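What follows is a single structure, written as structure tokens, with notes after it.
None of these values were measured; they are calculated from a predicted model. Order of listing sets the numbers, starting from 1, for every ligand and every atom in it.
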Amino acid sequence: MAYLGTPGATREIINKYQFAFQKKYGQNFLVDANILEKIIEAAGITADDFVLEIGPGIGTMTQYLCESARRVVAVEVDKMLIPILKETLSEYDNVEILNQDILKVDIKSLAQEKNAGKPIKIVANLPYYITTPIIMELFESGVPIENITIMVQREVAERMRTGPGTKDYGALSLAVQYYAQAQIVMNVSAQCFMPRPNVDSAVIRLERYKEPRVRVNDEKQMFQIIRASFNQRRKTFVNGLKNAPELNFSKEQIVKALSQIGKDENIRGEKLTLEEFAALSNYLGH
Ligand code: SAM
């Protein structure tokens, strides 16, 4: 089986199986070998690695992963792709395909079962509709992760690594930056996919910190505070928290916590850094 990362090879397999692209699954397959090689290089895959691939499609990137990793588990939701993957990956004995929705997979148990709970690498050309839930789930559920190398919408990549005071800054930025060092590896044009998406893409690598970047007594509460303050972007931090049913702080408590970090009561959440959210959560207590 030849490599799939060209328009010709992709078209051939699509025609052979009369595969119909499903928009609802965000199916845009990579058809550029250069980009595929760069993704593998950025993920730093070695012969010792266990890799989870989310959404293998017809197996384009999976072939590269099988060549460089010890073991690959690829989770694909579309059952029409399973017979195709059987053919395109038939030469490899270090890959397992699971026909499941990744959002319903217990990834922590999967890492436990398939890699004895040791840190895994995750590589994906992600369907854009699941980017945020999957990233949050991967970090928050305590999956043992070394790094995540993913293709996402360019603006989402920006959102992951931007800081306070920009329009892209939000709960996703803070969650990613709490857990990982985020680095944009490259921008990828729509021409590198079949069919072409109508958004620009970027590959981002998230290298998980050994310890989170800030100290916080109650992680869950800090993220509730973060979400509450970005739920209503134009509201002040105080009003955002007051309107969140899951948080029970009085206005006085919130204003006091803000003054403890030297901030005015009219400040908005979008101006606060991760360190400041952590300090506010600690001052607010439970
Ligand atoms: N990795 C391939 C590539 O780079 O050419 C395909 C990438 S394509 C952007 C996204 C893939 O994810 C599709 O194959 C799609 O069917 C699959 N997918 C979409 N939603 C999924 C989900 N919830 N769980 C698992 N796979 C999913």
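- The nearest non-hydrogen atom to atom 10 (C) of ligand 1, considering only I134, N125, L36, comes from N125.
- Heavy-atom proximity to V75, at under 4.0 Å, picks out these atoms of ligand 1: 25 (C), 26 (N).
- For atom 24 (N) of ligand 1, the closest non-hydrogen atom on the protein side is I102 N, 3.0 Å.
- Aromatic pair Y25/Y129: centroids not less than 6.0 angstrom apart.
- Considering each of G55, G57, G5, G26, the one bringing a non-hydrogen atom nearest atom 1 (N) of ligand 1 is G55.
- Assignment of Q100 to the shell around ligand 1 is supported, since a heavy atom sits closer than 4.0 Å.
- Ranking protein heavy atoms by distance to atom 27 (C) of ligand 1, first place goes to V77 CG1, 3.4 Å.
- Each of the following atoms of ligand 1 lies closer than 4.0 Å to a heavy atom of N28: 7 (C), 8 (S), 9 (C).
- Shown in contact with Q27 at under 4.0 Å from a heavy atom are these atoms of ligand 1, numbered in order with element: 13 (C), 15 (C), 16 (O).
- Distances between N or O atoms of L30 and those of ligand 1 include at least one value under 3.5 Å.
- Salt-bridge formation is not detected for the pair E246/R227: no Lys NZ or Arg NE/NH1/NH2 atom is positioned less than 4.0 Å from an Asp or Glu carboxylate oxygen.
- A ring-centre distance under 6.0 Å is not found for F277 and F223.
- Residue, atom and distance of the protein heavy atom nearest to atom 2 (C) of ligand 1 are P56 O, 3.3 Å.
- Here's the thing with D78: none of its N/O atoms is less than 3.5 angstrom from an N/O atom of ligand 1.
- Against a heavy-atom cut-off of under 4.0 Å, P127 is close to the following atoms of ligand 1: 10 (C), 12 (O), 18 (N), 19 (C), 20 (N).
- At least one donor-acceptor pair under 3.5 Å links the side chain of E76 to the backbone N or O of D78.
- We find that E146 and R208 are not joined by a salt bridge, their nearest charged nitrogen and carboxylate oxygen being 4.0 Å or further apart.
- Counting only heavy atoms of the protein, atom 20 (N) of ligand 1 lies nearest to Y129 OH, 2.9 Å.
- Using modelled atom types, one finds a donor on one side chain and an acceptor on the other under 3.5 Å when comparing N115 with R70.
- Given atom 23 (N) of ligand 1, the protein heavy atom at minimum distance is D101 OD1, 2.8 Å.
- Residue contacts with ligand 1 leave out F193, since none of its heavy atoms falls under 4.0 Å from the ligand.
- Here the side chains of Y178 and M222 are in contact, with some heavy-atom distance below 4.5 Å.
- Checking each of I204, I35, N34 against M186 for a side chain to side chain contact (heavy atoms under 4.5 Å, CB included) leaves exactly one that passes, namely I35.
- Between E140 and K220 there is no salt bridge, since none of the side-chain N atoms of the basic residue sits less than 4.0 Å from a carboxylate O of the acidic one.
- Residue-ligand proximity, F29 to ligand 1, at heavy-atom distances under 4.0 Å covers atoms 5 (O), 6 (C), 14 (O).
- Residue contacts with ligand 1: E53 is included, with a non-hydrogen atom under 4.0 Å away.
- Only the side chain of L81 comes within 4.0 Å of ligand 1, counting heavy atoms alone; its backbone N, CA, C and O stay farther away.
- With values rounded to the nearest 0.5 angstrom, D48 atom CG is found 14.5 Å from R71 atom CZ.
- In this structure, the protein non-hydrogen atom closest to atom 14 (O) of ligand 1 is E76 OE1, 2.7 Å.
- Without hydrogens or angle criteria, T10 side chain to L4 main chain gives a donor-acceptor distance under 3.5 Å.
- When the options V51, I145, I134 are evaluated for a side chain to side chain contact (heavy atoms under 4.5 Å, CB included) with I122, the one that passes is I145.
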